Amino acid sequence: MTELKKKEYYFRGISVKKLGIVLFSLLLILLFKVNDSEAASLGNHSKWMNAIRDDTEISRLSIPGSHDSGTFKLRDLIKQVWGMTQYRDFEDQFSYGVSFF
């Protein structure tokens, strides 16, 4: 059997496939990034539980948490697109009302 070899294309020394992945990643970052003015409008909700009565059953609560809380530190472009689920640091997440990580 003969093995088919895929031809790889280059643009200024960069693989077109890799260039496409990077451009797609940048597009996703731009589409899903929350801008600072939106985040500022969320306000401080770190004391949201103060309004809940002490005798409230915990099963009646919906407690806000944060998934992959530390991913705001990711700096690699590809990892940001495919792995970053938080754009704010821990302090900001707390001030927006996150109660567990």
Side-chain angles (χ1 to χ4, degrees):
M1 286 204 297
T2 60
E3 192 174 310
L4 294 176
K5 290 186 179 182
K6 293 183 180 180
K7 189 171 185 178
E8 207 165 322
Y9 296 95
Y10 291 88
F11 175 76
R12 296 189 179 186
I14 302 171
S15 164
V16 172
K17 182 178 179 180
K18 288 181 182 178
L19 184 62
I21 291 170
V22 169
L23 291 174
F24 181 70
S25 299
L26 284 172
L27 177 65
L28 288 177
I29 288 172
L30 291 173
L31 288 175
F32 294 107
K33 185 163 177 64
V34 176
N35 65 40
D36 288 333
S37 63
E38 282 182 81
S41 70
L42 293 174
N44 187 327
H45 299 285
S46 61
K47 299 184 186 304
W48 67 271
M49 293 184 77
N50 288 350
I52 299 172
R53 292 174 36 131
D54 288 341
D55 62 347
T56 303
E57 296 175 14
I58 196 164
S59 62
R60 308 257 321 152
L61 299 177
S62 179
I63 302 172
S66 174
H67 174 67
D68 290 340
S69 308
T71 60
F72 66 89
K73 293 182 177 183
L74 293 176
R75 298 294 176 241
D76 180 83
L77 182 61
I78 301 298
K79 289 178 183 175
Q80 281 183 340
V81 172
W82 300 110
M84 182 182 267
T85 57
Q86 304 300 327
Y87 294 99
R88 302 289 174 201
D89 62 23
F90 293 113
E91 186 176 343
D92 284 349
Q93 291 178 51
F94 268 129
S95 70
Y96 296 141
V98 169
S99 293
F100 67 91
F101 295 112

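Index from 1, following the sequence. Small disclaimer: the values here were computed from a predicted structure and weren't measured.
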At their closest point, which heavy atom of Q93 faces which heavy atom of R88, and how far apart are they?
-> NE2-O, 2.7 Å

D92 CG to S66 OG distance, which is reported to the nearest 0.5 Å = 11.5 Å

Under the side-chain contact (heavy atoms from CB on, under 4.5 Å) test, which residues partner I63, sequence neighbours left out?
-> W48, I58, L61, S99, F100

Which residues share a ring pair (Phe, Tyr, Trp, His ring centres under 6.0 Å) with Y10, sequence neighbours left out = none

Quick one: salt bridge (charged side-chain N to carboxylate O under 4.0 Å, His left out) partners of R53, sequence neighbours excluded?
-> D55

Quick one: CG on L23 to NZ on K18, what's the gap to the nearest 0.5 Å?
-> 14.5 Å

By side-chain contact (heavy atoms from CB on, under 4.5 Å), E57 pairs with (sequence neighbours left out) S59, R60

Could you tell me the separation between the CG atom of D89 and the CZ atom of F94, rounded to the nearest 0.5 Å?
-> 11.0 Å

